[in-house]
Amino acid sequence: MTEEVYECFKRIVENRKKPKKEPVIDEYKGFLFLDKKDMPEVALHWEKHFEWALAKHNRIYKEQLPKITPHVCRHTYCSNMAKSGMNPKTLQYLMGYSDIGVTLNTYTHLGAEDAKEELGKYAKMA
């Protein structure tokens, strides 16, 4: 995690509504986002946040957005990091997989244009 990300997360915790009692789960505390019951938000909460934002955008704007989920964001992040040249083992670690095959075969979406661009880099070296 970069220092900037750490500082951003720290500000979120400092500025969030103070819970009656700070939740502690498996000895972890200081969760970024809490629900109405002062419990950490989970995947379902974020699915609903995305649905709400998408529906609002599509009501307001003529150009409609497709369904976007937190999982789609995860795929996009992994693909973008792979395309930027991130070391596959680093990417595997960041994605949290013990098997690099899962990272490379499931979460990276590279195509013919990406291969052509990569080969172009090596042609310039020759």
* Is a side-chain N or O of R11 found less than 3.5 angstrom from the main chain of Y6, in a donor-acceptor match? -> no
* Structure fact -> Rounded to the nearest 0.5 angstrom, the NZ-NZ distance for K20 and K17 is 6.5 Å
* **Nearest-0.5 Å distance, CZ of residue R59 to CG of residue L54** => 10.0 Å
* Quick one: are L94 and M86 in side-chain contact, heavy atoms under 4.5 Å? -> yes
* Going by atom types alone, do E41 and H49 pair a side-chain donor with an acceptor below 3.5 Å? -> yes
* Asked: Hey, is NZ on K116 packed in by over 12 heavy atoms from elsewhere, all under 6.0 Å?
  -> no
* Got a donor-acceptor contact below 3.5 angstrom from the N87 side chain to the K89 backbone? -> yes
* How would you list, by chain and number, every residue that makes a side-chain contact (heavy atoms from CB on, under 4.5 Å) with P70, sequence neighbours excluded? -> W46, E47, F50
* To do: Answer whether the closest heavy-atom distance between the side chains of D35 and H45 falls below 4.5 Å.
  => yes
* Nearest 0.5 Å please: distance from the CD atom of E117 over to the OH atom of Y122. => 11.5 Å
* Checking K18 side chain against E14 main chain: does a donor-acceptor pair fall under 3.5 Å? -> yes
* Asked: Below 4.5 Å, heavy atoms only, C-beta onward: do R16 and L32 meet side chain to side chain?
  -> no
* Is there a donor-acceptor contact under 3.5 Å from the side chain of Q92 to the main chain of T103? -> no
* Who pairs with F9 by ring pair (Phe, Tyr, Trp, His ring centres under 6.0 Å), at least two apart in sequence or on another chain? -> none
* Asked: Thinking salt bridges, do K48 and E51 make one under a 4.0 Å N-O criterion?
  -> yes
* Using a 4.5 Å cut-off on heavy atoms from C-beta on, say whether the side chain of L91 contacts that of C78. => yes
* How close do P23 and M39 get, heavy atom to heavy atom, and via which atoms? -> CB-SD, 4.4 Å
